[in-house]
Colleague: 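Below are the structure tokens for one structure; questions will follow.
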Amino acid sequence: MEIRHLYCLLGVALLALVAFASCSENEGTWDPYYDWASRNEQWFASATDSAVTAISEAQALYGDDWEAHCDWRRYKSLLKAQDYDSRLSTDSICVHILQRGTGTLSPVWTDTVRLNFRAWLMPTTYRLYNDENELVDSVMQEVFSQSYYGPYDEQTAAPQLMSLGSTIEGFSTALQYMVEGDDWNVYIPSTLAYGSSGSGTAVPPYSTLLFRINLIAVYPTNSGVPDWK
């Protein structure tokens with residue numbers, strides 16, 4: 001379950017890191033990936049807490065109609081048993097809805113989709129040299145893959161074509177809950193992403209991933225895939 005096909009399509013793996021890995025100060029070294037596994041677990045737990053709190057408040061106020069009034073969701077991986085246990089956060093993704101689509105079709109595992117996306121690691125502190133050759137700390141959130149550049153503009157972005165079966169578990173789970181036109185931020189724990197192995201130099205082991213996904217079109221199996229206009 002990998003998104004390596006994405007890298008083949010894009011031909012890029014963005015590592016916009018500026019000589020930070022071994023910057024030394026006072027005979028010490030700075031590692032932006034310090035305690036990486038624990039910090040990533042905490043970052044995903046924070047997203048989970050935001051989702052659980054927002055969902056609970058909406059359910060208390062609106063009952064069965066809560067989804068119309070809440071932009072957070074939690075979805076258990078569709079490759080795991082669905083007897084949901086809210087404590088199993090590493091079996092689930094967290095979703096923050098940016099825009100609700102008007103489509104009615106959701107893709108299934110064997111379908112193909114067109115979408116725009118951008119993918120980040122968690123924010124971390126990098127120690128960099130400024131123009132005065134002074135070491136300064138800067139909090140950055142590294143983009144490691146994307147299908148568009150600059151601010152997202154649906155009118156100019158060229159969506160990528162991919163099959164759900166070529167993606168990581170958390171990514172394919174999100175897509176199967178989306179409809180055409182949905183624009184989501186999706187938090188994926190490392191257990192539903194690249195786990196303890198990571199992905200080359202782009203994604204360190206035990207990384208929680210954040211994807212912004214805008215689902216443009218769904219092509220059911222054997223329906224044919226038209227050229228993009």
Side-chain angles (χ1 to χ4, degrees), residues 1-7 36-56 58-59 66-67 70-98 100-101 103 105-113 115-122 144-145 160 162-180 182-200 202-215 218-221:
M1 307 302 302
E2 300 175 338
I3 305 187
R4 289 174 183 165
H5 287 55
L6 299 184
Y7 302 121
W36 190 248
S38 176
R39 290 167 58 217
N40 275 265
E41 288 178 4
Q42 293 172 17
W43 189 47
F44 184 73
S46 178
T48 298
D49 287 344
S50 294
V52 169
T53 298
I55 291 169
S56 296
Q59 289 173 335
W66 70 269
E67 290 181 320
C70 181
D71 290 331
W72 283 91
R73 301 286 188 274
R74 290 186 67 209
Y75 296 121
K76 191 167 186 179
S77 168
L78 290 174
L79 296 182
K80 292 179 170 54
Q82 293 301 300
D83 49 343
Y84 191 82
D85 183 340
S86 62
R87 294 169 297 177
L88 297 177
S89 61
T90 56
D91 285 349
S92 305
I93 61 173
C94 287
V95 170
H96 188 212
I97 300 171
L98 304 176
R100 297 171 189 249
L105 184 62
S106 295
V108 298
W109 177 252
T110 55
D111 289 347
T112 300
V113 297
L115 53 80
N116 292 306
F117 75 94
R118 179 169 283 161
W120 295 265
L121 302 179
M122 70 167 288
F144 68 87
S145 188
Q160 298 293 310
M162 68 183 70
S163 63
L164 269 69
S166 70
T167 67
I168 56 173
E169 188 173 348
F171 196 96
S172 64
T173 293
L175 285 173
Q176 290 176 83
Y177 283 102
M178 300 178 77
V179 297
E180 293 173 325
D182 275 343
D183 189 0
W184 290 3
N185 275 342
V186 181
Y187 295 84
I188 303 176
S190 65
T191 49
L192 303 183
Y194 295 107
S196 60
S197 59
S199 179
V203 180
Y206 303 108
S207 293
T208 294
L209 307 181
L210 169 60
F211 282 88
R212 179 176 179 178
I213 306 173
N214 180 211
L215 181 59
V218 177
Y219 307 112
T221 307

Colleague: Please list all pairs passing the salt bridge (charged side-chain N to carboxylate O under 4.0 Å, His left out) test where one or both residues lie in residues 36-45, with sequence neighbours left out.
Modeller: none
Colleague: With sequence neighbours excluded, what pairs up with N40 under the side chain to side chain donor-acceptor pair (under 3.5 Å) test?
Modeller: none
Colleague: Among all residues two or more places apart in sequence or in another chain, which pass the ring pair (Phe, Tyr, Trp, His ring centres under 6.0 Å) test with Y187?
Modeller: W43
Colleague: The criterion is side-chain contact (heavy atoms from CB on, under 4.5 Å); which residues satisfy it with Q42, sequence neighbours excluded?
Modeller: S38
Colleague: With sequence neighbours excluded, what pairs up with T221 under the side-chain contact (heavy atoms from CB on, under 4.5 Å) test?
Modeller: T110, D111
Colleague: My understanding is that only residues two or more places apart in sequence, or in another chain, count here; which of them pass side chain to side chain donor-acceptor pair (under 3.5 Å) with T173?
Modeller: none
Colleague: According to salt bridge (Lys or Arg N to Asp or Glu O under 4.0 Å), who are the partners of R100, at least two apart in sequence or on a separate chain?
Modeller: D71
Colleague: The criterion is salt bridge (Lys or Arg N to Asp or Glu O under 4.0 Å); which residues satisfy it with R212, sequence neighbours excluded?
Modeller: D183
Colleague: Can you name the ring pair (Phe, Tyr, Trp, His ring centres under 6.0 Å) partners of W36, sequence neighbours left out?
Modeller: Y33
Colleague: With the side chain counted from C-beta on, respond yes when F171 and V186 share a heavy-atom pair under 4.5 Å apart, and no when they do not.
Modeller: no
Colleague: Run the side chain to side chain donor-acceptor pair (under 3.5 Å) test against S77 and tell me which residues pass, sequence neighbours left out.
Modeller: E169
Colleague: Once side chain to side chain donor-acceptor pair (under 3.5 Å) is applied, do any residues pair with S196, and if so which ones, sequence neighbours excluded?
Modeller: none
Colleague: In terms of relative ring orientation, are Y75 and W184 parallel, tilted or perpendicular, with 30° and 60° separating the classes?
Modeller: parallel
Colleague: Would you find a donor on one side and an acceptor on the other, under 3.5 Å apart, between the side chain of T112 and the backbone of S163?
Modeller: no
